[in-house]
Every structure is written in structure tokens, then in C-alpha cells.
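Worksheet: one structure, shown below.
Because the structure is predicted, anything quoted here is derived from the model rather than measured. Position 1 is the first residue of the sequence, and the numbers go up from there.
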Amino acid sequence: MKFRLTYEGKLLGASRNSPRAAHKNDIRLQLHPQLKRLWQANAWLKDLAGLKFPKFAEAVKGQTLRNPGHWDNCQTYSELLPLHHRHHGQMWSPLIRQEMQLSCAVDILFLREGARGGILNVGDIDGRLKTLFDALAIPRSPAGLPEPRPKDSIYVLLGDDSLISRVSVETDELLQPTSSNVGQNDSRLVITVNITPMIANYFTLGFTGD
């Protein structure tokens, strides 16, 4: 399964003195509606979201659905997923999770301030990518998070950023600023995600196409 996410705004590098938790969450919330839309627009994800299971463990294993007579005690996959991923008082809906044996490759077009051909130093790239990858996943701590929305789930790409198997980055000059307050951290990203199943079963086969 292949799709693209976009982000525009400041992209700050990681800092030892400041984990930039609030900044990561701002990025996370800009990606949230795109991922939520993906679940509604992609035919396979839309079908998966509507499947009913008695509990999440059976959904993960891809076990046969209960017969219609038992469906009164079942919930849809989209209802079970955030209930299983409740962290820091907030529900989360990660697309790629270890339990489903999925990983992904990420290709990033990184438009930033600076003349074309200028090279970001390796430390700067690494720091900014670390910020981005943290923002793609469920946060490890509640730092920087707003008040939980108990009835709403936040959609994220990853259960954990260790599920990224490969990364490539192409940088170029940002010709159109993302705001009137332009700075050296001003960025526009096009993030191409390619999901790859680690094993083949009923669920992961739906992630094999484009």
C-alpha cells in the first residue's frame, strides 16, 4: 500500500535541553486528518474498519468473524483499535502496528529555506528527521500533549517509529514560504509511505497493492 502525506510549517531538530514535545504534537495533529481520510478513502482500509470482532486479539490474528447471531457482542475494527491503544488518557488509531507484522519505507521530499544545492549537515538532517518520526508515532510520554479528547481518537501512522524499515530524503529549495514569518526552519514535506507486510495472511494481503 502506497500513499503520501504532506506537512508544512516549522520542522525543528531534536534538542537535548528541550524534547520539543509540543512541536511534535503540532505536527502529529496536522497529519491526523490526512490519515483519518485515508481510512475512509482507501477501499481495503474502509472494509477493514467495518469488520466486526468480539475482541481485538481476534482481530489482530485475523480469525474468522463470528456468525451474525453473535454480532450483538462485537465491535468494529475501527472501534476496537483505539480502545486497545489508549495512552496518556488519549485514544490513538495507528495504521502500522507490530502485531499485524507490517513495516514501511518512507521517502521524503524536504523543501527548506536555502539556495538550491545547499547541503544540510548530517546532524541537522538527523535531528529534524527524529522530530518527524516521533510525530508519526504514538507519543511515548504525555509531555506536550493537550488535554485528552476522551471520545475522539487521534490517527497516527505508526504504533512505534521502529517500524520504519527504510528512509530516503531528497532536499531542495523552498520557493513558496509556508507563512509570512519565514525562518531557517520553514519546511514543506511530501512524505511517501510504502507499507510492506512481513507475513502473508488475510489482513496483510490488503496492504500489498498500491
Backbone N or O of [Y] within a donor-acceptor pair of the [X] side chain at under 3.5 Å?
X      : Y      : answer
Ser153 : Ser93  : yes
Arg20  : Leu12  : no
Arg4   : Val193 : no
Gln34  : Gln30  : yes
Ser78  : Ala49  : yes
Arg28  : Asp134 : yes

* Asked: Between His32 and Tyr155, what is the ring plane arrangement, given parallel below 30°, perpendicular above 60°, and tilted in between?
  -> tilted
* Ion pair Arg140/Asp161, N-O distance below 4.0 Å -> yes
* Salt bridge Lys10-Asp26, side-chain N to carboxylate O under 4.0 Å -> no
* **Interatomic distance, Leu95 atom CG to Cys104 atom SG [nearest 0.5 angstrom]** => 8.5 Å
* Please round to the nearest 0.5 Å and tell me the distance separating atom CD1 of Ile154 and atom CG of Leu35. => 11.5 Å
* side chain to side chain contact (heavy atoms under 4.5 Å, CB included) with Lys46: which residues, sequence neighbours excluded? -> none
* For Arg37, does the CZ atom sit with more than 12 other heavy atoms under 6.0 Å from it, leaving out its own atoms? -> no
* To do: Would you indicate whether Gln40, at its atom CD, is surrounded by more than 12 heavy atoms from other residues, nucleotides or ligands within a distance under 6.0 Å?
  => yes
* To do: State, to 0.1 Å, how close Ser165 and Ala105 come at their nearest heavy-atom pair, and which atoms those are.
  => OG-N, 3.9 Å
